Each structure stands twice: as C-alpha cells, then as structure tokens.
Amino acid sequence: MARIDYDDVTAASFRTAREIPRNGLGAWEEAVRRHLDPARGMTVVDIGAGTGAFATAFCDWFAVKVVAVEPSEAMRALISRRGDIEVLAGHAACLPLPDAGADAAWLSTVTHHVPDLAAAAHEIRRVLRPGAPVLIRNAFAGRYERLRIVRWFPETARLLDTYPSVEETCEAFATAGFTPAALEPVPQTDVAGLAELLRRLDTLRTADTLMRGLTEEEFARGRERLRSAVRGGRVPEGADLTSSLDLLVLR
Ligand SMILES: C[S@@+](CC[C@H](N)C(=O)[O-])C[C@H]1O[C@@H](n2cnc3c(N)ncnc32)[C@H](O)[C@@H]1O
C-alpha cells in the first residue's frame with residue numbers, strides 16, 4: 001500500500017502540481033547522464049513511474065527505451081503512449097519483467113511508498129543485468145535542509161523523518177548485493193515565483209504526501225507565511241525558489 005491513494009483526483013493533481021517542467025530539470029538531466037552513461041536503445045525500468053514525466057524525459061534526453069511499471073491505474077492512464085515507452089502494471093517488489101534484461105532502474109519519489117524495501121531490492125536485482133545501476137531520486141529522513149517545502153511548512157519535517165533514511169535504503173539494497181556508488185543533492189525549479197507557488201498550494205496538497213500529512217492549522221500557517229512574503233514582494237533569506245532532492249546511486 002502506498003502512503004496515499006493515487007486515485008483519479010490525485011493523479012490529475014499530480015500532473016498539474018508535481019510534474020516539473022523540462023526547463024527546471026537541467027541539473028537532473030546532467031546528473032542522470034553522468035551516472036547512467038546512457039547508450040541508445042538501452043532499457044531503463046522506471047519503477048513507480050507515476051504519470052510518466054521521467055519516462056518521457058529519459059526517452060527524449062537519452063534515446064533509451066523505458067519500461068514504466070506503475071501500480072496505480074489512474075497514474076498509468078496518464079503516461080504518454082509512444083513506441084519507446086512500455087507501460088505495465090506492477091510494483092517494486094513484483095516487476096513483470098524477465099531476469100537480467102534491464103540496464104538500469106529509476107525510482108523517483110517512490111521509496112517511501114514501498115512497504116518492504118529489501119524485497120523490492122531483491123526484485124530489482126533479479127531484473128537488472130549485473131553491474132547495472134539503481135538511481136533513486138528521493139527525499140530521505142534527516143536530509144531536509146535543501147527542501148523548499150520544509151522552509152515554508154516546517155512541520156513537513158515530521159513526516160519526512162518517517163521516510164527511509166539513506167542508511168536504511170542502503171542497508172535494504174545491501175541485502176540484495178548492491179553497494180552505494182554516489183549520493184548528491186540535485187536542484188530543480190518547478191515554479192517561476194512565490195505567487196505561483198501560493199496559487200498552486202491546494203492542488204499541491206492533494207498530490208504531495210508531505211503536504212497531506214499536515215494538519216489544517218499547519219497548512220494554514222504555511223500558506224500565511226507564503227502570502228505575506230508575496231504581499232511584501234520579497235523572498236525571505238534562504239527561501240529561494242529552487243529545491244533539491246537527493247540522487248542515490250547503487251550498483
Ligand atoms: C510521488 S509519485 C512519483 C511518480 C514518478 N516516479 C515521478 O517522480 O513523477 C509515487 C508513485 O509511486 C507509486 N507507488 C506506490 N507504491 C509503490 C510500490 N510499492 N512500488 C512501485 N510504485 C509504487 C505510486 O502509485 C505513485 O505513482
């Protein structure tokens with residue numbers, strides 16, 4: 001079970017509020033290229049592919065083939081149908097793929113939804129060819145200093161601390177023979193300004209696991225913080241628009 005229900009409403013909100021425009025993902029394209037070392041036609045398994053934002057980006061950036069595995073029917077329905085993306089129902093611990101057929105695995109903001117990370121790691125080991133990398137893009141417990149959402153809604157840190165930490169993730173993957181190869185924060189820009197962020201808050205709350213974990217009062221306080229910053233026409237120190245998630249690579 002995921003932490004939230006990715007039904008039709010959540011899937012539509014995710015598309016509107018959580019998909020990052022391509023021009024805000026330049027640092028991710030560069031970081032993934034470095035660790036994936038992509039070759040035309042290689043197969044990347046996108047596990048928990050969601051609405052397919054990264055599946056399409058990987059195909060466009062790297063000319064790879066993507067197998068997008070996603071448990072939610074509503075999310076799967078929004079993935080672009082194109083020749084270089086195969087869309088399949090499944091989840092991290094049950095991948096509908098043959099042994100050793102894939103050249104890399106990509107999990108973007110998924111690990112905190114996976115109930116048994118070690119079981120997922122074994123299943124990922126099974127479908128990857130030896131030496132192939134697992135690239136994990138996520139927020140991890142204890143590492144929130146670069147997360148914009150925590151700056152405006154500090155109580156999101158409480159829920160973030162229930163996510164797997166880097167150490168727990170590495171331990172789970174170690175049980176399947178993976179060792180950590182890299183860990184780096186990678187910035188992304190998803191909004192043009194604070195006013196846009198303020199406008200999007202309600203949709204974001206539907207689509208974001210951390211925002212959903214806030215009480216009404218905590219949400220209202222964060223909205224007020226943002227509102228006064230927008231009214232004042234200034235961005236408080238440290239509250240720049242860029243946010244970073246971590247890229248953890250294992251092999
Ligand atoms: C926050 S969304 C991320 C979607 C996409 N990876 C992205 O970054 O745009 C999390 C996704 O993980 C999926 N999910 C939940 N539990 C999962 C599991 N056990 N295995 C794989 N995916 C899962 C959800 O259905 C949802 O689409």
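Given the structure is predicted, the values throughout are model-derived calculations rather than measurements. Counting starts at 1 for both ligands and their atoms, in listed order.
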message: As an exercise, identify every atom of ligand 1 less than 4.0 angstrom from a heavy atom of Ala2.
response: 15 (C), 16 (N)
query: Have Asn138 and Thr109 got a donor and an acceptor in their side chains that come within less than 3.5 Å?
result: no
- line: Thr109 heavy atoms within 4.0 Å reach ligand 1 at atoms 1 (C), 2 (S), 3 (C), 8 (O), 10 (C)
field: From the candidates Ala119, Ala53, Ser108, Ala57, the one that places a heavy atom nearest atom 8 (O) of ligand 1
entry: Ser108
- prompt: Going by atom types only, do Thr51 and Glu19 share a side-chain donor-acceptor pair under 3.5 Å?
  reply: yes
query: Can you find a non-hydrogen atom of Trp106 under 4.0 Å from ligand 1?
result: no
- request: Mark yes or no: Arg40 above the aromatic ring of Phe62, with NZ or CZ under 6.0 Å from the six-membered ring centre and no more than 45 degrees from the axis.
  value: no
query: Of the listed options (Arg137, Glu70, Met75, His112), which comes nearest to atom 13 (C) of ligand 1 when hydrogens are ignored and any heavy atom counts?
result: Glu70
message: If we set the cut-off at 4.0 Å for heavy atoms, which region of His91 has an atom near ligand 1: side chain, backbone, both, or neither?
response: both
message: Quick check on Arg146: does its CZ atom have over 12 non-hydrogen neighbours (other residues, nucleotides or ligands) under 6.0 Å away?
response: no
message: At less than 4.0 angstrom from any non-hydrogen atom of Phe54, what atoms of ligand 1 do you find?
response: 8 (O)
task: Name the option, out of Gly52, Gly48, Pro71, that contains the heavy atom nearest to atom 17 (C) of ligand 1.
output: Pro71
- line: Under 4.0 Å from one or more heavy atoms of Ser72, ligand 1 contributes atoms 25 (O)
- request: Report, as yes or no, whether the 6.0 Å neighbourhood of atom CZ on Arg81 holds more than 12 heavy atoms from other residues, nucleotides or ligands.
  value: yes
Full working for ring pair (Phe, Tyr, Trp, His ring centres under 6.0 Å) between Tyr6 and His113: CA-CA 11 Å; Tyr6 284 95; His113 290 298; 5.4 Å; yes
- request: Verify the neighbour count for atom CD of Glu73: are there more than 12 heavy atoms of other residues, nucleotides or ligands below 6.0 Å?
  value: no
field: Ala120 and ligand 1 - part of the residue with a heavy-atom distance under 4.0 Å
entry: neither
